[in-house]
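Since the structure comes first, as structure tokens, the remarks are kept for the end.
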Amino acid sequence: MGERVELLAPAGSYEAFLGAVNAGADAVYLGGQRFGARAYADNFTTEEIVRALCVAHFYGKRIYLTVNTLLKEREMADLFEYLMPFYEAGLDGVIVQDFGVFRYIREHFPGLPLHVSTQMTVTGARGASLLKEQGAVRIVPARELSLEEVRKIREEAGVEVESFIHGAMCYCYSGQCLFSSILGGRSGNRGRCAQPCRLPYEIYSGKKQLSGSGYPLSLKDMCTLEYLPSLLEAGIDSFKIEGRMKRPEYAAGVTAVYRKYIDLYYREGADVYRVEPEDMDRLRRLYIRSEIQTGYYERRCGKEMVTMEKPGYEGCDGTLLTEIRERYIREPEKMPVRMRAVVREGEPLCLRVMADRSRTGACSVTDGERTETACLMAEVTGDEVQTAKNAPLSAEEVKKRLCKTGDSLLTVTDCEVSMEGACFVPVRALNELRRTAVEAFEAVVSESFGISGRRQAGSRPEKESDIGRGLDRLSQSKENDACEKSAVDVTASTIGQLRAVLAWGGCRRIYIDGDLFWESYGEIMEMAGAAFRERNAGGMPVFYLALPYILRERDEAYLQRLSKQLEQAGTFVRGFLVRSLEGLAWVRRISSDCAEGRSAYEIIPDAGLYCFNADALRFLHDFTEEITLPYELNAGEAAHLVRAAKERGMRATLAVYGRIPMMITANCLKNTAGLCGLKEGEIRRFALKDRRGSTFPVEINCEHCYNIIYNCVPYSLHSAKKERDRIAADALRYDFTVEDGAQCVKILEGKFPFADYTTGHCKRGVD
């Protein structure tokens, strides 16, 4: 990127693309007919994207394609054919969530810039650096980060950073939300979110109701126009406007306002930067919620960010929409050019295309506020001119053919034709000469902006992927081959649970919550030592730590304390259940720093580090030999993935019991209820009750400043033996959160103690 920030606008349709470009966007992000996180937007056909790339590049703009959903195994087989037309047309970047898609594009589309979606939940420089090592050129960090955290990613990871500056806000960390998926089968990770966060809920602490029916999960829209100088001075590379689901007038209108003030800053500086009230009013009238806020850049969380009373959008200003449509929603003006053709009997046709200096201001090329003088010209040759047998071709006939530029981006203001001899040229040859010259000139203009344009075809896979072969083999058998009995692993988050699990004695591994390990280290070590002595070291489980779901800058002190504690614990901790890219990168680092004679810590990615396909297995295999199956795969899909893992020498764990974490959130229900910092500060359990009376437990994690909203009923596969056997995972994991010790033992013994439960997606899956 250059020194000037890129203004990146959304486009859910070709009209929105035109509006954004005409309103001053430097780049546009859009989705095709598949694999985008806005499945219900109009989206673009292949032909529209190729056309948009041609238009964008000619005017010095860039286009980034969203492939920011999790792809199932069968879908990966279609990815090459889907991307190839855009790759060949010079696509400027692809925005990716799926680890498998990331690796696949890196391998088969060399030179195509990989942008990491905010759906990957990058929350710090460690995770960003890890992805840069893997080939990422740009990171879209979590929207919950402060400006200082964003700045640190840019400086320490040395990777481009793209940050949101305007639009709707998710309540959950993007990529960590299963609410819509588990409740309604519409997965946000697959672009089909039903937005349950915009529904009414009541907040409870125990039986005490803290709020009436309202919208505590609905955030106000982000608007950073008045805060823009601080963002500009943070070194962010790209400012992103949210809104691919919104109408073209929104994309154009918001882009135009931000273009105005970005240019004002660069022209006048921060000292004279002022936002005119009418421009703020203009943004409010453009399809926005009743209230706005500046996002998380200046705050960790806050009830002032929540729109408790009105989650829906207000109506748009029809007069404003008409004004914007008339001004911006149109094809860009064509560039005036001159042509000079040489037609000589017996020689190849020759055509030169030049920018018309008299019409373009000395062939000026404008990029925002910057104007450079360039000599734009392209010259091509064509078929050999034949000798006319009858009436020779006239200059006027040649001129007439060459001036028909059709739907190109050029308009011919003058065409000079020089002819010698009795010439004959087929109409086809003249048309081909014109097309070739126009394409060559358009490429010259694109290159003047530093945009390379078209590429040669990428490396087509020589054989079917691991995915396709695995599916074919499995389709010939009823289910996975018989395997050894699955091991049993347990996650414990309280001392009572840990004591009960140790007494039960049938576990291979126990994952101790990392916060619990810190808070109760002495008691845990004493308890484990007693169990060790009682069993004479026989049948003892191996201990791992479960890291927090989110790790950010404020957690550095926690990680330092944990590192010292690990040194004290010696070989007690074998490895880590990692739930974030930051956690993965941190464990890699402390493993490399292990004292001589101490093996590296094992890394077990949790379900939220999504492994949806065999290519994702290949990505993760650089860091681990194990995966945890995602909650959103059905039994058949999970079985395919287990087989693919075994073929690669990797192991797979299936979660068979737990409270599914539906949301991991930076905003806090305790804060929203007005209780943060009061005597109730020790309260760690809240609850949300929806309009149907279902109650969702909420863990208030003050150590790491996030909430975990769990499902209203437990997830359990105790009644799904057929599906468990079909999946044939190496280990079955029981995740204990709100259960007491007695309940834990009953669940492990197969005596399920609850009346209500869900099997999640094990049987149904998601679209």
Side-chain angles (χ1 to χ4, degrees), residues 4-30 41-42 52 55-56 58-64 162-168 221-229 231-232 236-268 272-289 292 294-295 313-333 365-371 449:
R4 291 175 66 96
V5 73
E6 173 186 83
L7 179 57
L8 178 59
S13 65
Y14 189 76
E15 271 197 337
F17 159 75
L18 292 175
V21 167
N22 288 322
D26 298 304
V28 174
Y29 67 103
L30 51 82
D42 291 340
V55 172
F58 187 78
Y59 293 100
K61 317 295 183 181
R62 287 176 167 78
I63 288 182
Y64 309 130
E162 173 183 304
S163 293
F164 284 91
I165 59 168
H166 192 91
D221 280 11
M222 174 194 287
C223 176
T224 64
L225 193 63
E226 295 179 321
Y227 189 54
L228 220 51
L231 297 175
L232 285 158
I236 297 169
D237 298 278
S238 182
F239 284 171
K240 187 171 193 173
I241 298 167
E242 182 275 337
R244 281 198 296 127
M245 289 288 288
K246 298 184 178 116
R247 62 178 73 199
E249 294 88 346
Y250 174 90
V254 173
T255 299
V257 173
Y258 277 91
R259 175 82 275 157
K260 172 182 174 180
Y261 285 96
I262 290 171
D263 292 345
L264 172 65
Y265 171 85
Y266 284 122
R267 187 173 61 250
E268 304 291 344
V272 298
Y273 185 92
R274 298 290 184 276
V275 176
E276 297 173 8
E278 52 265 36
D279 286 321
M280 287 298 296
D281 180 63
R282 192 176 182 87
L283 289 177
R284 288 188 176 93
R285 291 156 59 201
L286 274 171
Y287 200 63
I288 200 163
R289 286 184 174 84
I292 56 177
T294 58
Y313 283 99
E314 295 183 336
C316 303
D317 185 320
T319 302
L320 179 57
L321 295 181
T322 300
E323 174 200 325
I324 292 172
R325 171 165 287 277
E326 291 175 351
R327 184 172 181 181
Y328 297 115
I329 313 298
R330 53 173 172 74
E331 290 282 352
E333 292 183 7
V365 180
T366 302
D367 180 10
E369 292 281 312
R370 176 175 54 85
T371 300
F449 292 103

Using modelled atom types and a 3.5 Å cut-off, is there a donor and acceptor pairing between side-chain atoms of [X] and backbone atoms of [Y]?
| X | Y | value |
| --- | --- | --- |
| K61 | V28 | no |
| E242 | A168 | yes |
| Y258 | L8 | no |
| D237 | E162 | no |

Where [X] and [Y] come nearest, the two heavy atoms and their spacing:
| X | Y | answer |
| --- | --- | --- |
| R327 | R330 | O-NE, 3.2 Å |
| V254 | L286 | N-CD1, 3.8 Å |
| A252 | I324 | CB-CG2, 3.8 Å |
| P332 | L18 | CD-CD2, 3.8 Å |
| T294 | T224 | O-CG2, 3.9 Å |
| F449 | F58 | CE1-O, 3.5 Å |

So do the side chains of [X] and [Y] get within less than 4.5 Å of each other, counting heavy atoms only?
| X | Y | result |
| --- | --- | --- |
| V275 | L228 | no |
| Y261 | L264 | yes |
| F239 | S163 | no |
| M280 | C223 | yes |
| Y14 | V55 | yes |
| N22 | T255 | no |

*Between D263 and R4, is a salt bridge (Lys or Arg N to Asp or Glu O under 4.0 Å) present by the stated rule, with each step listed?*
CA-CA 10 Å; D263 292 345; R4 291 175 66 96; 3.1 Å; yes

_Working note: D317 + R282, criterion salt bridge (Lys or Arg N to Asp or Glu O under 4.0 Å); need CA distance, chi angles, decisive distance, verdict._
CA-CA 9 Å; D317 185 320; R282 192 176 182 87; over 6 Å; no

*Which of parallel (below 30°), tilted (30 to 60°) and perpendicular (above 60°) describes H166 and Y250?*
tilted

